[in-house]
Asker: 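Below you will find the structure I want to go over with you.
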Amino acid sequence: MDLNLQPSNAIVFDIMSKRDKTLTKWKKNTPKEVNRNEIEAVLNYFFEGKYRWDGTSHIVLQHDELIDEYPPYGEISIPCKGGKRVKGR
């Protein structure tokens, strides 16, 4: 039995995820502060399981590909403000 489950006149939707919208917004205008949950959404996508936040003042991202740029452990630290917002430059 051959089932054709594709509709013949399928509608294609261009749906951007919240993560994609956030990245687009950041590319246009680099923010000074960002909600921590926005940063975590991006980190979960690109670096799942490679970062930690223990409720302290920093999110720590560690990845083997960062070792050359950030020796000796390949870690970068992202400062948080009151645990709710992430501070930029």
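On a predicted model such as this, the values are computed, not experimentally measured, just so you know. The figures that follow rest on heavy atoms only: side chains count, while hydrogens, waters and symmetry mates do not. Heads up: numbering here begins at 1 and tracks the sequence.
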Asker: Between L66 and Y73, is there a side-chain heavy-atom distance shorter than 4.5 Å?
Answerer: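 No; the side chains remain at least 4.5 Å from each other.
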
Asker: For K50, which of H63, Q62, E75 qualifies under side chain to side chain contact (heavy atoms under 4.5 Å, CB included)?
Answerer: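 Testing K50 for a side chain to side chain contact (heavy atoms under 4.5 Å, CB included) against H63, Q62, E75 leaves exactly one candidate, H63.
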
Asker: Going by heavy atoms in the side chains, are W26 and V42 under 4.5 Å from each other?
Answerer: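 Yes - at least one pair of side-chain heavy atoms lies under 4.5 Å apart.
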
Asker: Do E38 and K21 sit within salt-bridge range, that is, some charged N less than 4.0 Å from a carboxylate O?
Answerer: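 Looking at E38 and K21, the cut-off is not met.
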
Asker: Do H58 and I78 have side chains that get closer than 4.5 Å, going by heavy atoms?
Answerer: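 With C-beta onward as the side chain, the pair stays apart.
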
Asker: Is there a path of hydrophobic side-chain contacts, each under 4.5 Å between heavy atoms of I/L/V/M/F/W/Y residues, joining I67 to L61?
Answerer: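 No, because L61 and I67 fall into different hydrophobic clusters, even though each may have its own neighbours under 4.5 Å.
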
Asker: Tell me whether L43 is reachable from W53 by hopping between hydrophobic residues (I, L, V, M, F, W, Y) whose side-chain heavy atoms are closer than 4.5 Å.
Answerer: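 Yes, because W53 and L43 connect within a single hydrophobic cluster, where side-chain heavy atoms sit under 4.5 Å apart.
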
Asker: Rounded to the nearest 0.5 Å, what separation is found between the CD atom of E40 and the CG atom of N35?
Answerer: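 Separation between the atoms: 11.0 Å.
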
Asker: For the hydrophobic clusters of this structure (ILVMFWY residues joined by side-chain heavy atoms under 4.5 Å, transitively), does one cluster hold both I59 and F47?
Answerer: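 Same hydrophobic cluster.
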
Asker: Within the structure provided, determine whether D20 and Y45 are in side-chain contact (heavy-atom separation under 4.5 Å).
Answerer: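 Counting from C-beta outward, D20 and Y45 never come under 4.5 Å.
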
